[in-house]
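Here the structure is laid out as structure tokens; the discussion comes afterwards.
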Number of protein chains: 2
Amino acid sequence: MIKCVKCGEVDAIAKSGIIRGKQRFYCKRCDYYFTQPSLLSPETHHHRRHQTTIMDIASALQISKSTVSRALQGHSDINANTRKAVLDMAHQLDYQPNLLALGLAKSRSFTLGIIVPEFINSFFPYIIIGAQQVANPAGYHVIICQSNESLDTEIANTNVLMASRVDGVVASVTAETKSLDHFHKFQRAGIPLVMFNRICDGLDVSKVLVDDYDGAYRGVEHLIQQGCTRIAHLAGPQNLQVGKQRLQGYLDALRKYGLPVYDELIVYYNLTKTSAQAAARQLLELPTLPDSIFAVNDPAAIETILIAKSKGIKIPSELAIVGFSNEPTSALIEPGLTTLAQPLDEIGKTVVQLLLHEIESEDDVLVPRTEILKTQLIVRGSSLRKPLVS
Amino acid sequence: MIKCVKCGEVDAIAKSGIIRGKQRFYCKRCDYYFTQPSLLSPETHHHRRHQTTIMDIASALQISKSTVSRALQGHSDINANTRKAVLDMAHQLDYQPNLLALGLAKSRSFTLGIIVPEFINSFFPYIIIGAQQVANPAGYHVIICQSNESLDTEIANTNVLMASRVDGVVASVTAETKSLDHFHKFQRAGIPLVMFNRICDGLDVSKVLVDDYDGAYRGVEHLIQQGCTRIAHLAGPQNLQVGKQRLQGYLDALRKYGLPVYDELIVYYNLTKTSAQAAARQLLELPTLPDSIFAVNDPAAIETILIAKSKGIKIPSELAIVGFSNEPTSALIEPGLTTLAQPLDEIGKTVVQLLLHEIESEDDVLVPRTEILKTQLIVRGSSLRKPLVS
DNA sequence: CTGTTAGCGCCTTCAG
DNA sequence: CTGAAGGCGCTAACAG
């Protein structure tokens with residue numbers, strides 16, 4: 001017994017077609033169409049939304065859904081008129097393919113996952129933009145996951161990407177990440193993975209890096225050329241390659257130029273702002289101040305500048321500073337921060353290119369590749385004690 | 001019968017381990033390793049990956065997949081032992097539910113879409129973080145789409161979200177966006193939509209905004225209290241509510257305090273950096289300079305500061321400046337930028353709360369709600385001509 | 001060139 | 001408490 005949803009009428013009800021596999025009714029008394037509320041679980045019809053499917057197009061055109069499917073895919077074996085009719089109808093009905101169904105049927109989601117540790121600084125956003133510029137034209141969407149510098153969130157993100165059945169993943173880890181167990185599952189499932197920028201040891205995958213060692217070396221060399229001799233290093237976490245490589249570049253530059261290495265001039269921080277401030281303070285409260293600081297990245301260098309200024313230390317005459325990454329802020333602060341620019345756009349593009357290569361490769365055995373990109377020294381006021389030698 | 005992929009040999013084939021869940025073979029004749037091409041669709045074996053399914057768990061345990069499904073969902077009608085066995089096996093096999101299949105079956109993706117115009121400035125990232133803090137605990141994932149300030153990309157993003165069958169969308173539009181036709185499809189499909197920050201007219205949806213009018217008014221009032229009388233406005237696009245509201249707040253503050261409104265002191269920009277520079281230059285090259293500028297946002301204010309400094313104009317004595325949004329950079333630049341802070345985290349949380357409310361509402365007719373959050377005036381050096389009255 | 005059929009992984013009835 | 005069966009929307013053989 002069907003009751004009108006609106007007026008409660010029972011007798012004047014007529015059937016009126018089927019929508020989404022559900023019988024539709026018409027109440028003659030109050031002129032109202034309705035579908036029978038689900039008998040099975042009346043309380044779960046959250047939203048009665050409907051997005052058009054190939055079935056809608058098919059029945060509108062009185063053809064089979066296979067034909068619609070083929071027309072939509074630009075299959076060659078199809079009548080030009082049929083195709084046109086299908087495309088027109090699709091447009092008219094605002095058709096958008098259901099990616100969930102598509103992915104399920106093809107066992108490919110055409111989605112890439114991007115895991116970054118944070119996106120408050122513009123470093124990773126620029127990389128993501130580059131990544132999208134390669135992924136989108138190739139027909140892939142992108143799910144962006146940011147881990148908030150938390151290992152737990154990073155692990156959760158890997159699970160989300162697994163569950164979303166992404167076709168590939170590019171990732172840069174948090175400062176906390178020491179083990180890469182949670183990334184192994186991509187490999188076990190045969191999902192290609194490319195790491196970039198922040199990596200740690202123990203994963204045999206393709207990588208896109210900048211030459212951190214070389215950049216650090218040149219940054220420190222620049223300080224030496226400016227006459228600095230007591231050069232400190234505000235170093236990054238040593239579980240990350242970046243941290244290690246930049247420290248090594250610093251050390252080698254000192255050695256190369258015959259400068260002593262003082263342990264108290266090397267302090268570490270964990271990539272958080274407060275930690276940067278603590279580390280900077282530690283350096284600037286030494287009995288004998290360094291005459292310059294090479295910071296592992298710009299945010300740390302900027303905190304150092306702020307603290308130095310608050311202590312009345314003159315930059316660059318009393319303290320020269322070099323950072324790493326060329327954040328937009330680094331050009332704004334006074335004095336401008338000398339730093340090593342990274343080709344962010346290119347990192348993003350390269351990392352997705354490598355990934356797509358692996359995804360679309362027919363080979364069973366993929367040899368991981370590593371791309372190393374160059375950095376560029378950008379000299380600004382924070383380190384400029386003498387005119388630049390050109 | 002296995003045939004060598006390379007030479008067609010049938011007899012001299014040996015098994016050689018399993019790669020990615022697929023048997024690998026070795027042809028002794030031509031010394032060639034290969035995996036057996038998929039029998040069903042030889043040309044489509046893009047990747048032979050396999051992620052474990054409930055079926056895998058079921059057959060490992062010799063039970064039906066329905067039981068596995070129920071156990072995994074924490075259904076009550078299930079034997080405690082069975083459940084434990086299932087959960088253990090799921091863990092052991094690294095099971096992750098297939099979100100594509102789940103979404104297809106339930107007609108809900110448990111995914112929210114976020115559309116932002118850009119994420120280079122930290123404004124939107126902070127909002128996104130707030131949004132995730134509400135979405136994730138509620139069991140929703142988030143797809144972040146950034147439109148790169150391009151209308152075309154924005155339209156593409158709406159299509160992606162439609163195709164991904166997101167359960168709801170929160171969006172902030174680009175500076176180019178004048179019509180909201182591409183957002184109507186969400187409404188047609190019954191997908192809840194909440195707009196925030198950058199909105200334009202013509203869409204009857206829930207909104208989360210800050211009190212732009214009030215903020216602008218107070219910013220200008222502050223300048224007046226500092227003794228400024230010839231106050232310029234570097235205004236935003238007038239297709240956006242923010243642009244209009246902040247302009248109105250500026251105008252009303254002037255009127256309230258009996259100051260004249262000069263047309264040449266109001267210039268517009270389109271939210272790009274170059275446009276900000278052009279607008280700032282226009283103001284700073286007037287025959288009679290303004291004594292202060294209220295900029296529609298911090299990036300514009302910062303460009304103005306840079307150009308003023310390059311022209312040798314003293315800030316704040318010759319030119320006082322007030323921005324809007326409190327970007328992190330605004331605290332770093334010299335002098336510090338006076339600005340109106342927005343509660344970014346709260347915006348993000350509120351916008352998702354409204355959205356979830358609509359998604360989970362049982363009502364057919366939802367009355368759009370508008371939440372207006374307050375801004376906070378942060379006074380820094382760029383506007384401080386007199387000691388603050390406390 | 002087109003329709004039919006089976007299946008992707010999961011949930012959800014309906015019967016035991 | 002558990003299994004069988006059907007369907008979510010789409011693709012891809014397989015027949016005509």
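The model shown is predicted, which means the values in this text are computed figures rather than measured ones. Chain letters run A, B, ... following the sequence lines, proteins first and then strands; every chain starts at 1. Computed over heavy atoms, backbone and side chain alike; hydrogens, waters and symmetry mates excluded.
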**Request:** Please list residues of residues 56-67 of chain B whose heavy atoms come under 4.0 Å from any atom in DNA chain D, ordered by number; otherwise none.
**Result:** Ile63(B), Ser64(B), Ser66(B), Thr67(B)
Please report the distance, rounded to the nearest Å, between [atom1] in [X] and [atom2] in [N].
| X | N | atom1 | atom2 | value |
| --- | --- | --- | --- | --- |
| Arg83(B) | dT2(D) | CZ | P | 10 Å |
| Arg165(A) | dC10(D) | CZ | P | 20 Å |
| Leu100(B) | dC11(C) | CG | P | 13 Å |
| Leu104(A) | dC8(C) | CG | P | 9 Å |
| Leu99(A) | dC8(D) | CG | P | 19 Å |
| Arg108(A) | dG9(C) | CZ | C1' | 18 Å |
| Gln51(A) | dG9(D) | CD | C1' | 12 Å |
| His75(B) | dT12(C) | NE2 | P | 7 Å |

Go through the structure and list residues passing side-chain contact (heavy atoms from CB on, under 4.5 Å) with [X], not counting sequence neighbours.
| X | result |
| --- | --- |
| Ala60(B) | Met89(B) |
| Ser179(A) | Asp181(A) |
| Ala163(A) | Gln96(B), Leu99(B) |

Do the side-chain N or O atoms of [X] get closer than 4.0 angstrom to the phosphate oxygens (OP1, OP2) of [N]?
| X | N | result |
| --- | --- | --- |
| Tyr95(A) | dC10(D) | yes |
| Gln73(A) | dC10(D) | no |
| Ser69(A) | dA12(D) | no |

**Asked** Got a sec, which pairs hit salt bridge (Lys or Arg N to Asp or Glu O under 4.0 Å) with one end in residues 185-195 of chain B, sequence neighbours left out?
**Response** Asp94(A)-Arg188(B)
**Message:** At 4.0 Å (heavy atoms only), tell me whether Ile78(B) reaches a base, stays on the sugar-phosphate, or touches nothing.
**Reply:** sugar-phosphate
**Prompt:** Hey, does Thr53(B) reach any base, or is it just sugar-phosphate, or nothing, if we go heavy atoms under 4.0 Å?
**Reply:** sugar-phosphate
**Item:** Donor-acceptor pair between Asn157(B) and His182(B) side chains, under 3.5 angstrom
**Value:** no
**Prompt:** Going by atom types alone, do Ser64(A) and Thr67(A) pair a side-chain donor with an acceptor below 3.5 Å?
**Reply:**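 Their side chains do contain a donor-acceptor pair, which is all the 3.5 Å distance test asks for.
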**Item:** From dC11(C), dG9(D), dT11(D), nucleotide with atom closest to Lys106(A) side chain
**Value:** dT11(D)
**Prompt:** To the nearest 0.5 Å, what is the distance between CE (Met162(A)) and OH (Tyr95(B))?
**Reply:** 11.5 Å
**Fill in**
dist Glu360(A):CD -> Leu355(A):CG (nearest 0.5 Å) comes out at 9.5 Å
**Prompt:** Quick one: does Gln73(A)'s side chain have a donor or acceptor within less than 3.5 Å of a partner on Ser69(A)'s backbone?
**Reply:**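 Yes.
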**Request:** Return yes if some donor-acceptor pair links the side-chain N/O of Asp167(B) with the main-chain N/O of Leu112(B) below 3.5 Å, else return no.
**Result:**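 Flag not set: sc Asp167(B) to bb Leu112(B) has no pair under 3.5 Å.
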**Asked** For the helix from dC1(C)-dG16(D) to dG16(C)-dC1(D), what angle lies between the axis at the first five pairs and the axis at the last five pairs, to 10 degrees?
**Response** 50°
**Item:** 5' priority, DNA chain C, between Leu72(B) and Ala80(A) [closest heavy atom]
**Value:** Ala80(A)
**Asked** Which sits closer to the 5' end of DNA chain D, Met55(A) or Asn79(B), going by the nucleotide each is nearest to?
**Response**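 Its nearest nucleotide being more 5', the pick is Asn79(B).
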